[in-house]
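These notes concern the structure reproduced below.
Just so it is clear, the model here is predicted, and its values are computed rather than measured.
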Amino acid sequence: MGAMRGLRFVAVAAGTLGGLYGAAYGLLTNQARRAERIIGPPVAPPFLADGVYRPDGSGPLPPTEDDGALKFAMFGDSMAAGLGVDGPDQLPSVVLARGLAEEAGRAVRLDTYAVVGAATRDLPAQVEQALLTPPDVAVIIIGANDVTTLTTVPDAVAGLERVIRTLQDAGCGVVVGTCPDLGVIRPIAQPLKSIARAWSLLLARAQRRAVARIGAIPVALADLLAPEFLARPREFFSSDQFHPSAVGYDAACSVLLPALCTVAGVWTGGPLPKLPTRSALAESRRPTAKFIARVNQRFGRPVRPLSP
């Protein structure tokens, strides 16, 4: 997830397109500003612990030690970069690299290209850099900043599809962690919380369908993790109350790792479980979802209806 000031644009869009004036319009923008003040800017860039990880848990070793290593790349936004953890060993990319190395029984070379604040439109630059040494497998976590920059759902999904196909053409297996539920973030108050939730879940659902259609594996982070973040916010969020803590990232890795091992061809735990395909939270927000469709009509082409 990127800079929180993007939620001010969501609030402005809600006020303008929803026909809200005066006190109602001011309420949304004030809620966005209050959330920004509570969360604040990142106090430091995320840790970086790229290198080679061996099945015995050692690493990171220099890339020169990657003889025969499985190449694993991490793409996306601040969640993919691991902003919010207390040390490099807690980075989601490191947790996944170690888990993959253990399951594969071979070394894994980790290369992180994720950038804080990235949206889908920023992925091509990340992938272009990675293709200088093409990865064997990749994880992409993206979507939150598409919401806060008012990127239309069709545009965000089309951009994600192009990036996945580019990686697949290079022989890379791809896992996508779809847009998280922005409604679990406590500093965001109602009614802005409902708007952010509906928009993020609508995008996540569209991402999931597109990713599965082109042969990559989607992991519905909102469906799988939102209940835990809502029930245990002090444990699952970092001190900024926006990015996950080490506990939150570990929960995300627990649902990403089986998919990553599957695309790497090393999963021995049987077929992947059937994951949720549509959040119950999304189903409960039908009126707000209609508003999001109006936003997409205002800022681009409308969202096409999606069957469950």
Side-chain angles (χ1 to χ4, degrees), residues 46-77 79-82 85 87-115 118 123-142 160 163-178 211-212 214-219 221 246 249-273 275:
F47 294 100
L48 187 64
D50 288 357
V52 176
Y53 291 85
R54 299 199 179 278
D56 62 5
S58 61
L61 304 173
T64 53
E65 301 291 326
D66 72 347
D67 185 31
L70 190 65
K71 294 181 175 64
F72 164 43
M74 195 78 167
F75 301 105
D77 55 24
M79 188 171 178
V85 302
D89 284 345
Q90 299 172 340
L91 290 168
S93 56
V94 171
V95 174
L96 290 172
R98 286 199 164 115
L100 180 59
E102 181 180 4
E103 188 67 33
R106 60 186 284 199
V108 170
R109 173 175 167 174
L110 168 64
D111 292 294
T112 302
Y113 302 96
V115 176
L123 290 178
Q126 297 181 20
V127 170
E128 182 180 1
Q129 184 182 359
L131 291 182
L132 297 174
T133 307
D136 299 304
V137 292
V139 169
I140 303 171
I141 302 176
I142 203 72
L160 180 59
V163 163
I164 293 172
R165 291 188 187 279
T166 298
L167 288 168
Q168 290 174 328
D169 290 344
C172 178
V174 181
V175 174
V176 176
T178 57
V211 169
I214 61 177
I217 299 181
V219 178
L221 296 181
Y249 280 120
D250 193 59
C253 289
S254 71
V255 296
L256 288 166
L257 183 58
L260 178 59
C261 290
T262 297
V263 299
V266 300
W267 177 247
T268 59
L272 285 172
L275 300 178

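Every side-chain contact (heavy atoms from CB on, under 4.5 Å) that Val115 has, sequence neighbours left out, goes to Ala118, Gln126. Qualifying ring pair (Phe, Tyr, Trp, His ring centres under 6.0 Å) partners for Tyr113, counting only residues two or more places apart in sequence or in other chains: Phe75. In this structure Ala246 satisfies the side-chain contact (heavy atoms from CB on, under 4.5 Å) test together with Gln90, sequence neighbours excluded. With sequence neighbours excluded, the residues forming a side-chain contact (heavy atoms from CB on, under 4.5 Å) with Cys253 are Pro92, Val95, Leu96, listed by chain and number. Not counting sequence neighbours, the partners of Thr112 by the side chain to side chain donor-acceptor pair (under 3.5 Å) test are Asp50. Every residue two or more places apart in sequence or in another chain that forms a salt bridge (charged side-chain N to carboxylate O under 4.0 Å, His left out) with Arg109 is listed here: Asp66, Asp111. Checked against salt bridge (charged side-chain N to carboxylate O under 4.0 Å, His left out), Asp89 has the following partners two or more places apart in sequence or in another chain: Arg98. Asp136 is linked by a salt bridge (charged side-chain N to carboxylate O under 4.0 Å, His left out) to nothing, counting only residues two or more places apart in sequence or in another chain. Scored by the side-chain contact (heavy atoms from CB on, under 4.5 Å) test, Glu102 finds no partners at all (sequence neighbours excluded).
Nearest heavy-atom pair across Ala170 and Leu131 is CB-CD2, 3.7 Å. Taking both residues in full, the closest heavy atoms of Val108 and Phe72 are given as CG1-CB, 3.8 Å, listed atom of the first, atom of the second, then distance. Considering all non-hydrogen atoms of both residues, Pro46 and Ala81 come closest at CB-O, 3.6 Å. Pro55 and Ala107 get closest at one heavy-atom pair: CD-N, 4.0 Å. Taking all atoms of both residues into account, the shortest heavy-atom contact from Pro218 to Thr178 is CB-CG2, 4.4 Å. The two residues Gly51 and Pro60 come nearest to each other via the heavy atoms CA-CB, 4.0 Å.
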task: Start with the C-alpha gap between Val211 and Ile164, add the side-chain angles, then the distance that decides, and say whether side-chain contact (heavy atoms from CB on, under 4.5 Å) holds.
output: CA-CA 8 Å; Val211 169; Ile164 293 172; 3.8 Å; yes

- prompt: Do Val175 and Val219 pass the side-chain contact (heavy atoms from CB on, under 4.5 Å) test, and can you show the C-alpha distance, the side-chain angles, and the key distance before you say yes or no?
  reply: CA-CA 7 Å; Val175 174; Val219 178; 3.9 Å; yes

message: Is there a side-chain contact (heavy atoms from CB on, under 4.5 Å) between Val176 and Ile141? Walk through the geometry before answering.
response: CA-CA 6 Å; Val176 176; Ile141 302 176; over 6 Å; no

message: Show, in sequence, the C-alpha distance, side-chain angles and deciding distance for Lys71 and Thr133, and conclude whether the side-chain contact (heavy atoms from CB on, under 4.5 Å) test is met.
response: CA-CA 9 Å; Lys71 294 181 175 64; Thr133 307; 3.6 Å; yes

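Expressed to the nearest 0.5 Å, how far CE of Met74 lies from CG of Leu91 amounts to 9.0 Å. Taking CG of Leu100 as the reference point, atom CG of Leu110 lies at 10.0 Å (rounded to 0.5 Å).
Considering only heavy atoms from C-beta on, Thr262 stays 4.5 Å or farther from Leu260 through its side chain. With contacts defined as side-chain heavy-atom distances shorter than 4.5 Å, the pair Leu221/Met79 qualifies. Residues Ile142 and Val163 are not in side-chain contact: their nearest non-hydrogen atoms beyond the backbone lie 4.5 Å or more apart. Taking 4.5 Å as the limit, some side-chain heavy atom of Arg165 sits within range of a side-chain heavy atom of Ile214.
Residue pairs meeting the side chain to side chain donor-acceptor pair (under 3.5 Å) criterion with at least one partner in residues 51-62, sequence neighbours excluded, are Asp56-Ser58.
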